[in-house]
Engineer: 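Got a structure here, written out as structure tokens. Questions coming.
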Amino acid sequence: MPGIVIVGAQWGDEGKGKVTDLLAERADAVVRFQGGNNAGHTIVRNSQTWKLHLIPSGILHAGTLCVIGNGVVVDPKVLTDELDELRRRRVDIESLRISANAHLIMPYHLMLDHAGEAKLGKLQIGTTRRGIGPCYADKAARLGIRVQDLLDEKILKKKIVAALEPKRLSLRPFAKDPRLDLQTMTEEYLTYGHVLERHIQDTTRLVHEQLDSGQLVLFEGAQGALLDIDHGTYPFVTSSNPVAGAACVGAGVGPKDIDEVWGVAKAYATRVGAGPFPTELDGQMADDLRQKGGEYGTTTGRARRVGWIDLVALRYTARINSLTALALTKLDVLSGQDRVRVCTRYRGAEGAEFYDFPYHQTVLHHAVGDYEELPGWSEDVTECREESDLPAAAREYLQYIAEFVGVPISLVSVGAGRDQVVWTQASVGMVGGAAQAPAGAQ
Ligand code: GDP
Ligand code: IMO
Ligand code: MG
């Protein structure tokens, strides 16, 4: 003990990388528990930018144990490239451990992801095309290939043959692709095995050892709760569970090992890919917000859709994650608005009103946000470090959100840099809270 889970409370890209890096200051271990390299977590330190896809956002803290848990799907090519890049930039990667039970993204998963999207045409999900869905599908079908299989040529080959068998028809368009040749694929993956071998471990046991000896363990989520395959805007979701409960499954710990759950949310909302987005903006306002917030995907470079903060959705994700704290990011991007809007209910077909997040796909697709307007602020907030530095209207905005959602805001991010943060009074006394009580805190 203790364990802290950090999750995305919207549609991903909320700033989980930055928040994890901040909380990792005092953590002994950081564990990724789901998703794969569909994630792109950005950390900005001393004007240097780090983009991590698979490696936990604790890696920049020398000596912090970094774990890729069993719930993650690992593309070993992406992982070895990411390790090379970190090494090149002189980051110590010796503390990385990879679960022997994590599933591997294979070349055919990438092909199937591409083909699946092409087949859907106009109805496509807008996946990152990183093979995530097909890999989790094979895991569920018990045809998956795991990290431990990289270390045994015979088993690896046998499993590839078994996994390819039911896919023959869908892979027919790729029949001549050299990446599908059994020998080539086996050799390529055995090479990854050699490179990664010294990092492969029983990570569940490792995390238990950390918790049992009183170390602080962070569980770093990828994506966001509204992309959850069970609780999100299905079918426009990812193929894993980005909610806090998945930290238990994807790292091998129990619910009692979790002490705090931090939900990361932007001061507005964004979404990449298709699917319902009740508070979406278009036109000049959307362009301005996208430009100011740099809302282009870390992984795919796609322009993110943008909108006002959706408190109906946020209250829902607070509940399904049992959030104990909110980390609100990108407050700086809202500076300069005369009025800021918060969505407090949805309006559906024929004037129906919804105060709770609708479970029904058709309702959700027709839902549009209904808003309260609050005063905006013109001041630049990027230099604010204490709550009292923030303009009164910004503080009012934060208070409105915390009260509506019913979760205290413990941290406000006012820029991409690591120092651009306001720890609030609410964080005092929390395990993941301010290292020192902010000025004025009791
Ligand atoms: P993640 O996937 O949740 O880790 O988020 P991403 O890294 O994909 O996207 C968040 C982006 O916002 C990154 O480029 C961050 O550097 C940046 N960022 C994080 N916090 C802030 C903030 O408070 N203000 C601004 N302007 N940018 C931020
Ligand atoms: P981070 O961790 C934002 C979205 C994709 C698509 C849907 C399914 O950086 O917040 P997938 O490739 O997972 O099958 O795509 O999920 N998506 C993300 N959106 N941030 C992410 O990760 C995402 N990972 C997947 O755009 O709509
Ligand atoms: Mg991201």
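When a ligand or atom number is given, it counts from 1 through the structure's own listing order. Quick note: numbers below take in every heavy atom, side chains included, and nothing from hydrogens, waters or symmetry partners.
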Engineer: So for Ser239, does at least one of its heavy atoms come nearer than 4.0 angstrom to any atom of ligand 2?
Structural biologist: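 In this structure, Ser239 fails to qualify as a contact of ligand 2 - no heavy atom is under 4.0 Å.
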Engineer: What atoms of ligand 2 come closer than 4.0 angstrom to any heavy atom of Ala222?
Structural biologist: 2 (O)
Engineer: May I ask you to establish whether Arg341 and Tyr371 are in a cation-pi arrangement, using a distance under 6.0 Å from NZ or CZ to the six-membered ring centre and at most 45° from the ring axis?
Structural biologist: yes
Engineer: Say whether His41, considering both its backbone and side-chain N or O atoms, lies within less than 3.5 Å of an N or O atom on ligand 2.
Structural biologist: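 Yes; at least one N/O pair falls below 3.5 Å.
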Engineer: Is the Tyr192 ring parallel, tilted or perpendicular to the Tyr189 ring (thresholds 30°, 60°)?
Structural biologist: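 Geometry flag for Tyr189 against Tyr192: perpendicular rings.
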Engineer: Should Gly40 be counted as touching ligand 2, given the test is an N or O pair under 3.5 Å?
Structural biologist: yes
Engineer: Counting only heavy atoms closer than 4.0 Å, does ligand 2 sit against the backbone of Phe236, its side chain, both, or neither?
Structural biologist: neither
Engineer: Is the Trp377 ring parallel, tilted or perpendicular to the Tyr397 ring (thresholds 30°, 60°)?
Structural biologist: tilted
Engineer: Any N/O of Thr127 closer than 3.5 Å to an N/O of ligand 2?
Structural biologist: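 Not met; the criterion fails.
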Engineer: I'd like to know if the side chain of Gln223 pairs up with that of Thr238 as donor and acceptor (distance under 3.5 Å, no hydrogens or angles considered).
Structural biologist: no
Engineer: Answer yes or no: does an N/O atom from Arg302 fall short of 3.5 Å to an N/O atom of ligand 2?
Structural biologist: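 There is such a contact, yes.
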Engineer: Please give the N or O to N or O pairs under 3.5 Å between ligand 1 and the protein, distances rounded to 0.1 Å.
Structural biologist:
residue, atom, partner, partner atom, Å
ligand 1, 2 (O), Asp13, OD1, 3.4
ligand 1, 2 (O), Gly40, O, 2.8
ligand 1, 3 (O), Glu14, N, 3.1
ligand 1, 3 (O), Gly15, N, 2.8
ligand 1, 3 (O), Lys16, N, 2.7
ligand 1, 3 (O), Lys16, NZ, 2.8
ligand 1, 4 (O), Lys16, N, 3.2
ligand 1, 4 (O), Gly17, N, 2.8
ligand 1, 5 (O), Gly15, N, 3.3
ligand 1, 7 (O), Thr42, N, 2.9
ligand 1, 7 (O), Thr42, OG1, 2.7
ligand 1, 8 (O), Asp13, OD1, 2.9
ligand 1, 8 (O), Gly40, O, 2.9
ligand 1, 8 (O), Thr298, OG1, 3.0
ligand 1, 8 (O), Arg304, NH2, 3.3
ligand 1, 12 (O), Lys330, NZ, 3.1
ligand 1, 20 (N), Ser413, OG, 3.4
ligand 1, 23 (O), Lys330, N, 2.9
ligand 1, 23 (O), Ser413, O, 3.2
ligand 1, 23 (O), Ser413, OG, 2.5
ligand 1, 23 (O), Gly415, N, 3.1
ligand 1, 23 (O), Gly415, O, 3.3
ligand 1, 24 (N), Asp332, OD1, 2.8
ligand 1, 24 (N), Asp332, OD2, 3.4
ligand 1, 24 (N), Gly415, N, 3.4
ligand 1, 26 (N), Asp332, OD2, 2.8

Engineer: Side chain or backbone, does Lys16 bring an N or O within less than 3.5 Å of an N or O on ligand 2?
Structural biologist: yes
Engineer: Got the closest protein heavy atom to atom 7 (C) of ligand 2, with its distance?
Structural biologist: Val237 O, 3.8 Å
Engineer: Counting neighbours of CD on Gln291 that are heavy atoms of other residues, nucleotides or ligands and sit closer than 6.0 Å, is the number greater than 12?
Structural biologist: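 It does not: Gln291 CD has 12 such atoms or fewer within range.
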Engineer: Taking non-hydrogen atoms only, is Arg271 closer than 4.0 angstrom to ligand 2 via side chain, backbone, both or neither?
Structural biologist: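 The answer is neither.
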Engineer: Between the candidates Gly116, Ala39, Gly126, Gly273, which shows the shortest non-hydrogen contact distance to atom 5 (C) of ligand 2?
Structural biologist: Gly126
Engineer: What protein N, O or S atoms come within a distance below 2.8 Å of the Mg ion (ligand 3), ordered by chain and number?
Structural biologist: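 The answer, once waters are left aside, is Asp13 OD1, Gly40 O.
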Engineer: Any nitrogen or oxygen of Arg130, main chain or side chain, under 3.5 Å from a nitrogen or oxygen of ligand 2?
Structural biologist: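 No, Arg130 has no N/O under 3.5 Å of an N/O on ligand 2.
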Engineer: Going by heavy-atom distance to atom 18 (C) of ligand 2, choose the closest among Val272, Leu52, Leu227, Ile125.
Structural biologist: Leu227
Engineer: For Asp113, state whether at least one heavy atom is located under 4.0 Å from any atom of ligand 2.
Structural biologist: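 In this structure, Asp113 fails to qualify as a contact of ligand 2 - no heavy atom is under 4.0 Å.
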